[in-house]
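Just so you know, ligand 1 is whichever comes first in the structure, and atom 1 is the first atom listed for that ligand.
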Amino acid sequence: MDVIKWGCAGVKGNTAAKERTIFDHAGNAIKTEDREIRIVAKYEEPLIVVLGNVLSGEECDELIEHSRERLQRSKIGEDRAVNPIRTSSGVFCGENETITRIEKRIAQVMNIPIEHGDGLQVLLYTPGQEYKPHYDFFAETSRGSANNRISTLLIYLNDVEEGGETAFPLLDFSVFPNKGMAVYFEYFYGDHQLNEFTLHAGTPVIKGEKWVATMWMRRQTFRFS
Ligand SMILES: O=C(O)CCC(=O)C(=O)O
Ligand SMILES: [Fe+2]
């Protein structure tokens with residue numbers, strides 16, 4: 001089985017040194033097979049990267065149209081329960097030519113085989129809807145932690161009129177939705193405090209709709225496609 005092994009130790013045996021990251025792209029751009037993606041901003045530890053033009057406008061529109069009719073109230077946790085923590089609607093995308101191409105690009109950006117992913121999920125928030133502060137990884141005591149999540153890519157599919165930022169409250173850092181842009185973050189660190197700093201929220205939308213596509217990656221193969 002394919003296992004991701006990053007985050008085991010500090011570099012060069014120095015415990016104060018930065019842990020290795022999964023996302024090891026150097027410079028200001030990522031050249032994937034079919035698109036050059038700009039690195040717009042970076043927060044170093046935990047690593048949070050804002051990415052420009054991950055998807056074209058047409059790809060964003062296509063994902064929204066593909067999902068609009070099939071949305072269901074979002075659920076959370078390993079039991080997939082409806083919960084007031086998360087009031088958006090969502091759908092896991094099936095496969096078609098566009099989605100396969102997008103997933104291939106996402107795997108290159110996240111530097112992990114797509115089979116480690118939960119699948120591409122599209123979410124819609126209308127005014128008042130939100131995802132309250134949470135972690136994308138499962139607690140050590142939960143069943144889901146046997147093959148825990150290690151990184152997230154959140155792609156904004158539209159410009160939101162007002163509200164809907166992705167906020168990292170422990171870092172006083174927020175990302176504003178911009179069509180085609182994305183925020184990447186990872187939480188596989190041996191230093192648990194770094195993982196805990198990735199607490200994040202989708203703040204309430206105030207005006208307009210907010211559409212996002214999320215990819216969560218696991219430490220080991222998760223989806224067999
Ligand atoms: O909508 C957002 O900005 C955050 C979404 C999120 O945290 C998630 O889907 O795990
Ligand atoms: Fe999240």
Inset, instruction - Report the C-alpha separation of T98 and E62 in whole Å, then their side-chain angles, then the decisive distance to 0.1 Å, and conclude whether the side chain to side chain donor-acceptor pair (under 3.5 Å) test is met. - result: CA-CA 8 Å; T98 308; E62 201 178 323; 2.5 Å; yes
Inset, instruction - Measure across G208 and P127 and return the closest heavy-atom pair with its distance rounded to 0.1 Å. - result: O-CD, 3.3 Å
Inset, instruction - Could you pull out every protein residue that has a heavy atom closer than 4.0 Å to ligand 1, ordered by chain and then number? - result: R86, L123, Y125, Y131, H134, D136, L154, T166, H200, G202, K210, T214, W216
Inset, instruction - Kindly say whether the aromatic ring centers of F23 and Y184 come within a distance under 6.0 Å. - result: yes
Legend entry - Side chains of E95 and T100, donor plus acceptor under 3.5 Å: yes
Inset, instruction - Could you walk me through whether S151 and M215 pass side chain to side chain contact (heavy atoms under 4.5 Å, CB included), step by step? - result: CA-CA 8 Å; S151 61; M215 178 66 77; over 6 Å; no
Legend entry - Check against side chain to side chain donor-acceptor pair (under 3.5 Å), T87 and Y125: CA-CA 8 Å; T87 52; Y125 303 78; over 6 Å; no
Legend entry - Exercise: identify the closest heavy-atom pair between Y43 and L171: OH-CD2, 3.4 Å
Legend entry - E59 and D61, any side-chain heavy atoms less than 4.5 Å apart: no
Legend entry - Of L154, V160, D159, N158, the residue whose pairing with Y156 passes side-chain contact (heavy atoms from CB on, under 4.5 Å): L154
Legend entry - In the protein, N/O/S atoms that are found under 2.8 Å from the Fe ion (ligand 2), waters not counted: H134 NE2, D136 OD1, H200 NE2
